[in-house]
Amino acid sequence: MLPIQRIRDDPDSVRDGARRKGETAPIDELLAVDAEARSLRTTVEQARAEQRAASAAMRGKPSDDERAALTARKQRIQEDEARLAELDQRVDALLLEVPNPPHESVPDGGGPEDNVVARTWGDAPGFGFEPLPHYEIGERLGVFDFERAVKISGSRFVVLRGDGARLQRALTSFMLDVAREHGYSEVAPPFLVRREAMVGTAQLPKFEDEAYHADDGLFLIPTAEVPLTNLYAGEILDAAQLPMAHVALTPCWRREAGAAGKDTRGYIRLHQFEKVEMVRFTTPEASLDELELLTSHAEHVLQRLGLHYRVLLMCTGDLGFAQWKKYDVEVWAPGLRQWLEVSSCSVFADFQARRANIRYRSAPGEKPRHVHTLNGSALGVPRTFDALLETYQQEDGTVVIPEPLRGYLGGLDRLIAP
RNA sequence: GGAGCGAUCGCCUAGUUGGUCGAGGGCGCCGCACUGGAAAUGCGGUAUACCGGGUAACUGGUAUCGAGGGUUCGAAUCCCUCUCGCUCCGCCA
């Protein structure tokens with residue numbers, strides 16, 4: 001959320017920020033309601049001051065006629081207060097719907113075609129045969145069981161089996177360990193969160209239909225970003241603690257995955273998937289550099305696994321509602337012959353920190369300031385899994401397991417059909 | 001799920017016959033004094049948000065004692081609802 005002061009002072013830049021993202025911001029309505037609230041606030045506060053003074057003056061000696069006058073004014077004040085409360089609520093609600101304007105270093109653009117390739121790592125693997133897509137490899141190896149997943153849960157779910165299930169577990173352990181090497185402290189958070197937590201990271205109120213929720217009002221997390229970022233909601237951190245870095249492995253639940261109608265085949269777009277997520281809390285001065293660092297941490301996982309990838313600087317049109325600047329990391333899937341997004345590394349400036357009220361004190365006695373928040377996947381598990389199968393597939397149908405994962409699998413070096 | 005107790009300023013805590021309470025004390029923190037320096041001690045300061053005035057230091061006002069609502073001229077103090085925490089019981093992995 002943006003400070004109302006900024007919208008009052010410079011509504012054009014905020015409007016323009018929304019436009020560059022291809023979104024709209026209710027700026028005019030916001031300013032109108034705000035102006036009305038402000039003038040009414042002056043009236044109410046003045047009336048209240050008078051009422052308090054009069055009330056204090058007659059302390060202890062209540063006289064009936066005086067009291068009648070005060071009672072009458074009380075009525076009027078209460079009516080104005082009610083209206084003011086309503087206006088304030090509308091201002092707050094509108095503020096939550098104003099998107100974060102992009103950082104100036106973000107290229108303008110309307111969609112994927114305008115994203116800029118920042119760098120590419122490694123080379124596409126070559127094959128002496130026709131490489132297969134992961135779902136064919138996996139089905140032959142008994143790794144995926146899509147049919148039974150449908151029976152249990154419907155479409156957009158998958159069952160992993162045997163060494164496939166083990167490989168995924170190995171992969172997630174490996175990812176967590178790499179993050180730990182980079183200084184992230186591991187967290188095992190709740191997977192169900194309150195509404196306020198979802199508002200804090202800006203999944204709500206705008207994207208309510210994309211989330212699963214339980215009948216007691218809790219939401220299933222769409223990403224570990226939600227519990228991790230909200231870990232320090234309402235708190236004032238010490239400058240000495242910053243930057244703070246956490247990582248978590250969680251399942252992620254997303255409703256929208258089914259609606260898009262694309263990537264219907266394979267282990268790519270599911271209602272439930274696992275993801276290792278990194279979150280960083282930093283000072284405003286450091287946050288842009290921290291985005292580079294965070295992104296490098298995501299890349300590192302792919303480098304260690306020897307997977308070909310590229311990093312995209314996302315254009316304004318591909319930025320999310322809350323994002324200030326974002327890199328996507330895409331891994332090459334040689335069987336599918338396409339790039340798969342496995343990480344999205346974003347910096348939010350103080351947009352989330354304002355919503356969740358996360359602050360820090362730069363020195364004792366200083367006023368608290370909002371932190372900057374960042375997050376990025378390291379990595380999304382299914383697509384990394386896919387790239388692994390496709391990259392390391394052999395002509396005989398087996399899949400060689402890359403060296404760094406073997407230790408997690410009791411030395412297993414190859415997936416073989418049972 | 002049942003019963004009881006509780007939620008006050010960064011932390012601990014005083015305050016519950018309604019007014020002198022935005023709120024006292026201790027700790028912590030900041031400044032000053034003392035010191036060669038430090039400790040100890042002494043003195044002073046030390047919440048946040050919003051509205052208005054001022055280039056600014058600052059200043060006038062309002063709100064905030066878990067959250068929301070009510071009673072009252074006036075509520076940290078009374079009433080209602082909710083949330084959270086603790087203790088005991090039940091249930092359960």
Side-chain angles (χ1 to χ4, degrees), chain A residues 1-11 30-96 98 188-200 204-205 213-219 227 230-242 244 251 281 350-371:
Chain A
M1 141 173 104
L2 301 175
I4 180 80
Q5 197 61 49
R6 167 160 179 203
I7 296 170
R8 287 204 282 249
D9 292 348
D10 190 9
L30 185 49
L31 288 175
V33 178
D34 177 53
E36 195 183 344
R38 253 203 296 184
S39 97
L40 184 57
R41 172 163 291 112
T42 308
T43 310
V44 166
E45 290 187 353
Q46 196 177 342
R48 212 143 42 183
E50 287 166 18
Q51 185 79 344
R52 279 181 54 155
S55 186
M58 65 178 285
R59 159 159 49 89
K61 39 183 184 321
S63 100
D64 288 347
D65 40 343
E66 275 178 327
R67 180 177 293 176
L70 291 183
T71 306
R73 178 158 56 189
K74 187 181 97 174
Q75 299 287 323
R76 288 205 314 276
I77 294 178
Q78 282 181 335
E79 284 163 23
D80 283 349
E81 278 178 334
R83 239 183 78 229
L84 181 58
E86 202 179 298
L87 292 172
D88 283 342
Q89 269 177 26
R90 279 176 62 199
V91 169
D92 291 344
L94 288 167
L95 269 178
L96 289 179
V98 177
F191 304 154
L192 288 163
V193 297
R194 297 165 173 282
R195 165 169 231 101
E196 300 85 83
M198 293 284 279
V199 171
L204 296 183
H213 64 270
D215 59 9
D216 60 359
L218 294 175
F219 289 81
N230 280 285
L231 218 44
Y232 301 108
E235 297 191 26
I236 299 176
L237 307 171
D238 255 343
Q241 296 174 268
L242 303 178
M244 194 139 49
F281 302 85
D350 60 5
F351 193 82
Q352 290 182 325
R354 281 182 190 281
R355 291 176 162 239
N357 194 23
I358 308 168
R359 294 173 295 171
Y360 77 103
R361 211 184 289 278
S362 52
E366 289 294 303
K367 286 191 72 154
R369 301 167 68 195
H370 288 100
V371 300

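Everything numeric here is computed off the predicted structure, so don't read it as measured data. Lettering of chains follows the sequences in order, A, B, ..., and the numbering in each one begins at 1.
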(message) Using whole Å, what does the distance between atom P of nucleotide A67(B) and atom CG of N357(A) come to?
(response) 14 Å
(request) Please measure how far the C1' atom in G37(B) lies from the corresponding atom in G28(B), and state the result in whole Å. (result) 23 Å
(message) Using Watson-Crick or G-U wobble geometry with both distances under 3.5 Å, which nucleotide pairs with A3(B)?
(response) U87(B)
(message) Contact between M1(A) and D92(A) at the side-chain level, heavy atoms closer than 4.5 Å - yes or no?
(response) no
(message) Please enumerate all residues that pass side-chain contact (heavy atoms from CB on, under 4.5 Å) together with L218(A), with sequence neighbours excluded.
(response) L192(A), R194(A), D216(A)
(message) Under the rule for side-chain contact (heavy atoms from CB on, under 4.5 Å), what residues qualify as partners of R8(A), not counting sequence neighbours?
(response) I4(A), Q5(A), L31(A), D34(A), R38(A)
(request) Using both distances under 3.5 Å as the test, list the Watson-Crick or G-U wobble partner of C11(B), or none. (result) G26(B)
(message) Whole angstroms only, please: what is the CZ-P distance between R194(A) and C82(B)?
(response) 15 Å
(request) For C82(B) versus G26(B), give the span between their C1' atoms, rounded off to a whole number of Å. (result) 34 Å
(request) Could you tell me whether R90(A) atom CZ has more than 12 heavy atoms of other residues or ligands within 6.0 Å of it? (result) no
(request) Please report, rounded to the nearest Å, how far the P atom of G69(B) is from the CD atom of E86(A). (result) 13 Å
(request) Could you let me know what C92(B) is paired to, Watson-Crick or G-U wobble, both distances under 3.5 Å, or none if it's on its own? (result) none
(request) Looking only at non-hydrogen atoms, find the nearest pair between A37(A) and L84(A) and report the distance. (result) O-CD1, 3.4 Å
(message) Reading RNA chain B from 5' onward, which residue's closest nucleotide shows up sooner: A85(A) or L70(A)?
(response) A85(A)
(request) Could you please name the partner base of U48(B), counting Watson-Crick and G-U wobble pairs only when both distances are under 3.5 Å? (result) A63(B)
(request) Determine which nucleotide pairs with U41(B), using a 3.5 Å limit on both distances of a Watson-Crick or G-U wobble pair. (result) A33(B)
(request) Assess whether atom CD of E86(A) is packed by more than 12 heavy atoms of other residues, nucleotides or ligands within 6.0 Å. (result) no
(message) Does anything in residues 73-84 of chain A come within less than 4.0 Å of RNA chain B? Heavy atoms only, and list the residues if so.
(response) K74(A)
(request) Output all residues satisfying ring-ring contact (aromatic ring centres under 6.0 Å, His included) with F219(A), sequence neighbours left out; order by chain, then residue number. (result) H213(A)
(request) Only counting residues at least two apart or in another chain, list the ones meeting side-chain contact (heavy atoms from CB on, under 4.5 Å) with R73(A). (result) E50(A), Q51(A), A54(A), L70(A), R76(A), I77(A)
(message) Can you tell me the base-pairing partner of C78(B)? Count Watson-Crick or G-U wobble geometry only, both distances below 3.5 Å, and say none if there is no partner.
(response) G70(B)
(request) Write down the distance separating the C1' atoms in U16(B) and A23(B), rounded off to the nearest Å. (result) 14 Å
(request) With the side chain counted from C-beta on, respond yes when L95(A) and V91(A) share a heavy-atom pair under 4.5 Å apart, and no when they do not. (result) yes
(message) Give me the distance, rounded to whole Å, that separates U48(B) from C9(B) when you measure between the P atoms they each carry.
(response) 14 Å
(request) Take atom C1' in G24(B) and the same atom in A14(B), then report the distance between them in whole Å. (result) 6 Å
(message) With rounding to the closest Å, how many angstrom separate the P atoms on C78(B) and A7(B)?
(response) 11 Å
(request) Using atom types as modelled and distance alone, determine if a side-chain donor or acceptor of N230(A) lies under 3.5 Å from a backbone N or O of A197(A). (result) yes
(message) Between G68(B) and C12(B), how far apart are the two C1' atoms, rounded to whole Å?
(response) 28 Å
(request) Can you tell me, in whole Å, how much space there is between the P of C34(B) and that of C27(B)? (result) 23 Å
(request) Rounded off to whole Å, could you give me the CD-to-P distance for the E50(A) and C73(B) pair? (result) 18 Å
(request) State the pairing partner of U20(B); accept Watson-Crick or G-U wobble contacts with both distances under 3.5 Å, and report none otherwise. (result) none
(request) Go through the steps to decide whether D350(A) and R369(A) satisfy the test salt bridge (Lys or Arg N to Asp or Glu O under 4.0 Å), and finish with yes or no. (result) CA-CA 9 Å; D350(A) 60 5; R369(A) 301 167 68 195; over 6 Å; no
(message) Regarding Q51(A), tell me which of base, sugar-phosphate or nothing describes its non-hydrogen contacts under 4.0 Å with the strands shown.
(response) sugar-phosphate
(request) If A56(B) has a Watson-Crick or G-U wobble mate with both distances under 3.5 Å, name it; if not, just say none. (result) none
(message) Please report the distance, rounded to the nearest Å, between CD in E196(A) and C1' in A67(B).
(response) 11 Å
Identify the pairs formed between an N or O of the protein and an N or O of nucleotides 46-54 of chain B at a distance under 3.5 Å, and give each distance.
| residue | atom | partner | partner atom | Å |
| --- | --- | --- | --- | --- |
| C51(B) | OP1 | R8(A) | NH1 | 3.2 |
| C51(B) | OP1 | R8(A) | NH2 | 2.1 |
| C51(B) | O2' | T42(A) | OG1 | 3.4 |
| G52(B) | OP1 | R38(A) | NH1 | 3.1 |

